[in-house]
Amino acid sequence: MALSAEELERYSRHIILQGVGLAGQKKLAAGKVLVIGAGGLGSPVLMYLAASGVGTIGIMDDDVVDKSNLQRQIIHSTGQVGFSKAESAAGRIEKINPYIKTVIYKERAAAENLLEIISQYDFIVDGVDNFSSKFLINDACVLAQKPFSHGGIREFSGQLMTYVPGEGPCYRCIFEEIPPDGEVDSCSQAGVLGTLPGIIGSLQALEVQKYLIGTGELLTGHMLTFDGLTMQFRKIPFSGKSPHCRVCGERADIMELKEENYRPKQACTVLPKDS
């Protein structure tokens, strides 16, 4: 793959960088990455992947831009309120870098469509904001043997991990099952500081870049957490995949994606005893 003179100038700080070079830049240009969720986490992921020259970027999101998104979803602007997030994000990153190709999926990640879509990509990014979709993305990537980056944010903290087939645990190994409805507040319920997705999403983009180039150490077998109030990172190691994991364990029972597996259970209500 030959790069034009303009591309060589555009990526010059990569090309002179030991560990990337021209060969690494060509690997980025040949890379195909699907970002699921064009919101808080997806914004910095998409913008940095586009700027760095990842050749094909898929954007999957069925939502529209809302005013409440603008405090943190920096890929969108006030003028895009009411428009498709996937289209808005694609338009933004095409302006950042005209040499990339964008593919838009204005649909929700679901059991019926996800395996077919991710089969076309080298790496998947989880930028969604609900547990059902996170477990779905994990299971699809494990079944399809696709690497992916998980990111999560809430209030003043965030976390991320990277899954590579055959290397370390998957998301389900660690969290096991979808929390019941109401057990864990979402960002829309608990809130999130606007800079948090920028921090976590940028780290997810870095993981993608390292994977495509083939340099550095990935967050396989580890969960990286960040506390924005204390400015502390913590890298939590995991010994390996769980033997009890339903998708990659010794007795796995999830062999295909079924929508009923991704419906959160209703929280149990404990009634007071009669006095």
Side-chain angles (χ1 to χ4, degrees), residues 1-38 41-61 74-75 85-107 109 113-127 137 140-151 160 162-167 201-220:
M1 175 184 292
L3 300 180
S4 68
E6 201 281 337
E7 287 176 286
L8 292 173
E9 182 180 2
R10 176 183 288 266
Y11 307 127
S12 61
R13 297 304 185 272
H14 276 174
I15 294 170
I16 64 172
L17 181 62
Q18 188 174 358
V20 180
L22 182 58
Q25 189 61 49
K26 288 182 177 181
K27 289 178 181 179
L28 291 175
K32 298 179 179 180
V33 179
L34 175 68
V35 180
I36 306 177
L41 292 169
S43 290
V45 172
L46 288 164
M47 293 169 75
Y48 275 117
L49 293 186
S52 68
V54 172
T56 301
I57 301 176
I59 308 170
M60 190 173 193
D61 200 312
I74 58 172
I75 203 166
K85 283 188 179 180
E87 291 182 343
S88 171
R92 178 74 174 92
I93 64 174
E94 287 166 359
K95 291 179 180 177
I96 292 174
N97 191 344
Y99 293 98
I100 63 170
K101 174 185 176 182
T102 59
V103 184
I104 297 171
Y105 304 92
K106 294 193 295 182
E107 54 191 298
N113 63 10
L114 195 53
L115 283 174
E116 180 183 356
I117 292 173
I118 68 174
S119 69
Q120 304 168 55
Y121 293 89
D122 304 315
F123 196 99
I124 316 301
V125 176
D126 156 25
I137 293 167
C141 289
V142 173
L143 292 175
Q145 295 286 283
K146 293 288 184 177
F148 79 95
S149 169
H150 150 74
L160 69 151
T162 298
Y163 168 79
V164 174
E167 299 181 26
S202 295
L203 292 172
Q204 287 185 278
L206 176 59
E207 288 287 276
V208 177
Q209 292 169 329
K210 290 190 299 180
Y211 176 83
L212 293 177
I213 294 168
T215 190
E217 296 181 4
L218 299 172
L219 285 172
T220 50

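Residues: numbered from 1 along the sequence shown. These figures come from a predicted structure and were not determined experimentally.
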**Q** Inspect the surroundings of CD in Glu6 and state if more than 12 heavy atoms from other residues, nucleotides or ligands are less than 6.0 Å away.
**A**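 Counting neighbours around CD of Glu6, more than 12 heavy atoms of other residues, nucleotides or ligands fall under 6.0 Å, so yes.
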**Q** Testing the basics here: between Gly42 and Val35, what is the closest heavy-atom pair and its distance to 0.1 Å?
**A**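 Gly42 and Val35 have their closest heavy atoms at CA-CG1, 4.1 Å.
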**Q** In sequence, state the C-alpha distance, the side-chain angles, and the governing distance for Leu212 and Val33, and then conclude on side chain to side chain contact (heavy atoms under 4.5 Å, CB included).
**A** CA-CA 9 Å; Leu212 293 177; Val33 179; 3.9 Å; yes
**Q** Around Glu116, counting heavy atoms of other residues, nucleotides and ligands shown, do more than 12 lie under 6.0 Å from its CD?
**A**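 No.
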**Q** Any side-chain heavy atom of Thr162 within less than 4.5 Å of one from Phe123?
**A** yes
**Q** Distance check, rounded to the nearest 0.5 Å: Leu49 atom CG versus Gln204 atom CD?
**A**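 One finds 10.0 Å between CG of Leu49 and CD of Gln204.
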**Q** So which atom in Ile75 and which in Ala38 form the shortest heavy-atom distance, rounded to 0.1 Å?
**A** CG2-O, 4.3 Å
**Q** What closest approach, in Å, do Ala90 and Thr102 show between heavy atoms, and which atom pair accounts for it?
**A** CB-OG1, 4.1 Å
**Q** Can you tell me if Tyr48 has over 12 outside heavy atoms packed within less than 6.0 Å of its OH?
**A**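 Atom OH in Tyr48 is not crowded, with 12 or fewer foreign heavy atoms closer than 6.0 Å.
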**Q** Please check if any side-chain donor atom of Ser149 sits under 3.5 Å from a side-chain acceptor atom of Glu207, or the reverse.
**A**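 Note: Ser149 and Glu207 side chains miss the donor-acceptor criterion.
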**Q** Could you walk me through whether Ile137 and Tyr163 satisfy the side chain to side chain contact (heavy atoms under 4.5 Å, CB included) test, starting with their C-alpha distance in whole Å, then the side-chain angles of each, then the deciding distance to 0.1 Å, before giving a yes or no?
**A** CA-CA 11 Å; Ile137 293 167; Tyr163 168 79; over 6 Å; no
**Q** Taking C-beta and beyond as the side chain, do Ile117 and Tyr105 meet within less than 4.5 Å on heavy atoms?
**A**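 In short, these two side chains touch, coming nearer than 4.5 Å.
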**Q** Give the minimum heavy-atom separation between Leu41 and Gly201, together with the two atoms involved.
**A**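 Leu41 and Gly201 have their closest heavy atoms at CD2-N, 3.8 Å.
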**Q** I'd like to check Pro147 versus Pro165 (side-chain heavy atoms, cut-off strictly below 4.5 Å). Are they in contact?
**A** yes
**Q** Could you go through Leu219 and Leu203, starting from their C-alpha distance and side-chain angles, then the distance that decides it, and tell me whether this counts as side chain to side chain contact (heavy atoms under 4.5 Å, CB included)?
**A** CA-CA 10 Å; Leu219 285 172; Leu203 292 172; over 6 Å; no
**Q** Is there a donor-acceptor pair under 3.5 Å between the side chain of Gln25 and the backbone N or O of Leu8?
**A** no
**Q** Could you check whether any side-chain heavy atom of Met47 comes within less than 4.5 Å of a side-chain heavy atom of Ile74, counting everything from C-beta outward?
**A** yes
**Q** Counting heavy atoms not belonging to Arg10, are there more than 12 under 6.0 Å from its CZ?
**A**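 Atom CZ in Arg10 is crowded, with more than 12 foreign heavy atoms closer than 6.0 Å.
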**Q** Side chain of Lys146, backbone of Tyr121: donor and acceptor closer than 3.5 Å?
**A**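 Judged by distance alone, yes, a pair lies under 3.5 Å.
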**Q** Give a yes or no answer on whether the side chain of Asp122 reaches the backbone of Lys32 with a donor-acceptor pair at less than 3.5 Å.
**A**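 Checking the backbone N and O of Lys32 against the side chain of Asp122, a donor-acceptor pair under 3.5 Å is found.
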**Q** I need the minimum non-hydrogen distance between Ala109 and Leu114, along with the two atoms involved.
**A**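 That closest heavy-atom pairing would be CB-CD1, 4.2 Å.
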**Q** Is the shortest heavy-atom distance from the side chain of Gln120 to the side chain of Val103 under 4.5 Å?
**A**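 A side-chain contact is absent here, since even the closest heavy-atom pair is not under 4.5 Å.
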**Q** Give the minimum heavy-atom separation between Ile213 and Lys27, together with the two atoms involved.
**A**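 Where Ile213 meets Lys27 most closely, the heavy atoms are O-NZ, 3.2 Å.
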**Q** Might you confirm whether atom NZ of Lys210 has over 12 heavy atoms from other residues, nucleotides or ligands at distances under 6.0 Å?
**A**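 Counting other residues, nucleotides and ligands, NZ of Lys210 exceeds 12 neighbours.
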**Q** At what distance, to the nearest 0.5 angstrom, does OG of Ser88 lie from CD1 of Ile93?
**A** 10.5 Å
**Q** Under 3.5 Å, side chain of Asn97 to main-chain N/O of Ala50, donor-acceptor pair present?
**A** yes
**Q** Checking the side chain of Asp61 only, and the main-chain atoms of Lys85 only, is there a donor and an acceptor separated by less than 3.5 Å?
**A** no
